[in-house]
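Right, one structure below, let's go through it.
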Amino acid sequence: FGKYTKELPNKKKYKVAKFEDIKLGKAKIMTVLEGNNIKEYDINIIELNNKKEQKTKNILFEVTDQELLNKSGGIVQGMSGCPIIQDGKIIGAVTHVFIDNSKCGYGIYLEKMLGN
């Protein structure tokens with residue numbers, strides 16, 4: 001917890017999406033696969049879980065970006081916390097991967113992370 005105050009040169013700031021703004025369909029995850037280059041990769045949100053008792057597995061998604069699939073096979077260790085972006089807003093962060101299918105993973109709503 002805390003507040004980051006350092007300026008981030010050439011980095012885009014995102015508004016936080018409300019629960020009701022998040023929808024099924026196209027979105028992106030941001031991650032670093034090589035060097036320090038942050039890159040966006042396509043995903044498809046296939047299920048949203050709004051139940052209060054569901055703490056971290058709120059967004060079920062599948063990686064659809066062929067470049068990410070070719071380079072890593074999908075979601076891999078170290079991608080936890082990668083931002084999930086939809087319609088120009090940050091909606092959540094990657095939390096889990098399916099052990100038997102690394103093309104699929106879960107994310108947590110950013111509003112939950114912020115305590116809203």
So Tyr14 and Met30, side-chain contact (heavy atoms from CB on, under 4.5 Å) or not? Walk me through it. CA-CA 12 Å; Tyr14 291 90; Met30 297 172 67; 3.9 Å; yes
The side chain to side chain contact (heavy atoms under 4.5 Å, CB included) partner of Val16 among Glu111, Met113, Lys89 is Glu111
Taken to the nearest 0.5 Å, the spacing of Ser72 OG from Glu67 CD works out to 9.5 Å
With a sphere of 6.0 Å drawn around CD of Gln77, does it hold more than 12 non-hydrogen atoms of other residues, nucleotides or ligands?
no
One should read off an interatomic distance between Ile84 CD1 and Ile29 CD1, to the nearest 0.5 angstrom, of 7.5 Å
Between Ile45 and Lys23, the two heavy atoms sitting closest are CD1-O, 3.8 Å
Interatomic distance, SG@Cys104 vs CD1@Ile75, rounded to 0.5 Å, equals 9.0 Å
- Aromatic ring centroids of Phe61 and Tyr106 under 6.0 Å? no
*Checking side-chain contact (heavy atoms from CB on, under 4.5 Å) for the pair Lys71/Glu34: CA distance, chi angles, key distance, verdict?*
CA-CA 10 Å; Lys71 287 184 175 183; Glu34 298 173 1; 3.2 Å; yes
Checklist entry - Mind checking whether Thr64 and Tyr41 have side chains closer than 4.5 Å, heavy atoms only? => result no
Do side-chain atoms of Asp65 reach the backbone of Asp42 as a donor and acceptor pair under 3.5 angstrom? yes
When every non-hydrogen atom of Asn44 is compared with those of Lys26, the smallest separation belongs to OD1-N, 3.8 Å
* With side-chain contact (heavy atoms from CB on, under 4.5 Å) as the test, would you mind laying out the steps for Ile46 and Leu24 before giving the verdict? => CA-CA 6 Å; Ile46 47 184; Leu24 301 179; 5.8 Å; no
Under the side-chain contact (heavy atoms from CB on, under 4.5 Å) rule, what do Ile91 and Ile85 come out as? Steps first, then yes or no, please.
-> CA-CA 6 Å; Ile91 65 170; Ile85 309 296; over 6 Å; no
Rounded to the nearest 0.5 angstrom, the CG-CG distance for Asp87 and Asp21 is 8.5 Å
Heavy-atom closest pair (Ala17 atom, Ile22 atom, distance to 0.1 Å) is CB-CG1, 4.2 Å
| Quick one: are Val32 and Lys39 in side-chain contact, heavy atoms under 4.5 Å? | no
Notebook entry, point to check: Does any N or O in the side chain of Ser102 come within less than 3.5 Å of the main-chain N or O of Gly73, such that one atom is a donor and the other an acceptor?
Noted result: yes
**Message:** Are Leu60 and Leu68 connected into the same hydrophobic cluster when the rule is that any two of I, L, V, M, F, W, Y join if their side-chain heavy atoms are below 4.5 Å apart?
**Reply:** no
Distance col, row Asn58:CG vs Thr95:OG1, nearest 0.5 angstrom, shows 7.5 Å
Check: Ile43 main-chain N/O paired with Glu62 side-chain donor or acceptor under 3.5 Å: no
Here the pair of heavy atoms bringing Ile108 nearest to Lys55 is CD1-O, 3.3 Å
NZ of Lys103 to CG of Asn101, rounded to nearest 0.5 Å, is 6.5 Å
**Study point:** Heavy-atom side-chain contact between Tyr109 and Asn50 under 4.5 Å
**Key:** yes
Quiz prompt | Lys28 atom NZ: more than 12 heavy-atom contacts under 6.0 Å | solution = yes
